[in-house]
Amino acid sequence: QRQVVESGGDSVQAGGSLRLSCVVSGYLDGTAWMSWFRQAPGKEREGVAAIRRGGGTSIYADSVKGRFTISQDDDKNTVYLEMDNVQSNDTAMYYCAGPGYCAGDYCLRTTTYHYWGQGTQVTVSS
């Protein structure tokens, strides 16, 4: 059973920065994608960013482009989400998911991924 564990959530002021981490167990081949999703109270879970294991190709939701950066450390099986200039509407539970096998926008869909972490809370105050 593959395990996915997120960490790094916290309370932060608007305009600040935060880095989330996600450790996934087991082997990840070069075609696998890892991703970050978020879910605010009363809203559907939405894809934030995803990264391909081999080559590091990444994709972002329009709402976070230019502010969030997804990266990975292959040796540690770890995926990061660097969040800069956070805003109040970034407040949500953030989930890591993977591995998924996809292309384009499909890599930001919940149905692409089978393994999910428990989530880490990010709260942005103004």
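The analysis underlying the following values was restricted to heavy atoms, covering all of them including side chains, and did not include hydrogens, waters or symmetry mates.
The shortest heavy-atom contact between Ala49 and Tyr60 is CB-CD2, 3.6 Å. The two residues Ala92 and Ala40 have their closest heavy-atom pair at CB-N, 3.8 Å. The two residues Cys107 and Ala50 have their closest heavy-atom pair at O-CB, 3.6 Å. Contact record, Thr112 with Cys102: CG2-CB, 3.7 Å, taken as the closest heavy-atom pair. Gly15 and Gln87 get closest at one heavy-atom pair: N-NE2, 4.3 Å.
By the side chain to side chain donor-acceptor pair (under 3.5 Å) test, Gln39 pairs with Arg45, sequence neighbours left out. In terms of the side chain to side chain donor-acceptor pair (under 3.5 Å) criterion, residue partners of Lys65 (sequence neighbours excluded) are, by chain and number, Asp62. For Tyr95, the side chain to side chain donor-acceptor pair (under 3.5 Å) criterion is met by no residue, not counting sequence neighbours. The salt bridge (charged side-chain N to carboxylate O under 4.0 Å, His left out) search around Glu82 returns none, not counting sequence neighbours. Considering only residues two or more places apart in sequence or on other chains, Ala103 meets the side chain to side chain contact (heavy atoms under 4.5 Å, CB included) condition with none of them.
Proximity of Val64 to Glu46: side-chain heavy atoms (C-beta onward) are nowhere separated by under 4.5 Å.
Side chain of Ser35 to backbone of Ala97: a donor-acceptor contact under 3.5 angstrom is found. Between the side chain of Thr91 and the main chain of Val124, a donor-acceptor pair closer than 3.5 Å is present.
The disulfide (SG to SG under 2.5 Å) pairs that include a residue from residues 9-82 are Cys22-Cys96, where partners are two or more places apart or lie in different chains. Annotation: disulfide (SG to SG under 2.5 Å) contacts involving residues 24-60, sequence neighbours excluded, are absent. Listed by first then second residue, pairs satisfying ring pair (Phe, Tyr, Trp, His ring centres under 6.0 Å) with a partner in residues 98-117 read Phe37-Tyr113, Phe37-Trp116, not counting sequence neighbours. The disulfide (SG to SG under 2.5 Å) pairs that include a residue from residues 28-89 number zero, where partners must be two or more places apart or lie in different chains. Sequence neighbours left out, the pairs with a member in residues 4-17 that pass side chain to side chain donor-acceptor pair (under 3.5 Å) are Ser17-Asp84.
When hydrophobic side chains of Ile, Leu, Val, Met, Phe, Trp and Tyr are connected at separations under 4.5 Å, Tyr27 ends up as a singleton with no cluster partners.
Ile51 is connected to Leu18 through a chain of hydrophobic side-chain contacts under 4.5 Å among Ile, Leu, Val, Met, Phe, Trp and Tyr, so both are in one cluster. The cluster map of Ile, Leu, Val, Met, Phe, Trp and Tyr, joined by side-chain heavy atoms under 4.5 Å apart, puts Trp36 and Leu28 in the same cluster. Neither Val122 nor Met93 shares a network with the other; the hydrophobic side chains, linked directly or stepwise wherever heavy atoms of I, L, V, M, F, W or Y lie under 4.5 Å apart, form separate groups for each.
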For residues 66-81, which side-chain N or O atoms pair as donor and acceptor with protein atoms under 3.5 Å away, sequence neighbours left out?
residue: Arg67; atom: NH1; partner: Asn85; partner atom: O; Å: 3.0
residue: Arg67; atom: NH1; partner: Asp90; partner atom: OD2; Å: 2.7
residue: Arg67; atom: NH2; partner: Ser63; partner atom: O; Å: 3.0
residue: Arg67; atom: NH2; partner: Asp90; partner atom: OD1; Å: 3.0
residue: Arg67; atom: NH2; partner: Asp90; partner atom: OD2; Å: 3.4
residue: Gln72; atom: NE2; partner: Arg52; partner atom: O; Å: 3.1
residue: Gln72; atom: NE2; partner: Arg53; partner atom: O; Å: 3.1
residue: Asp73; atom: OD1; partner: Asp75; partner atom: N; Å: 3.1
residue: Asp73; atom: OD1; partner: Lys76; partner atom: N; Å: 3.3
residue: Asn77; atom: OD1; partner: Arg53; partner atom: NH1; Å: 3.4
residue: Asn77; atom: OD1; partner: Arg53; partner atom: NH2; Å: 3.0
residue: Asn77; atom: ND2; partner: Val24; partner atom: O; Å: 3.0
residue: Asn77; atom: ND2; partner: Gly26; partner atom: O; Å: 2.6
residue: Thr78; atom: OG1; partner: Lys76; partner atom: O; Å: 2.9

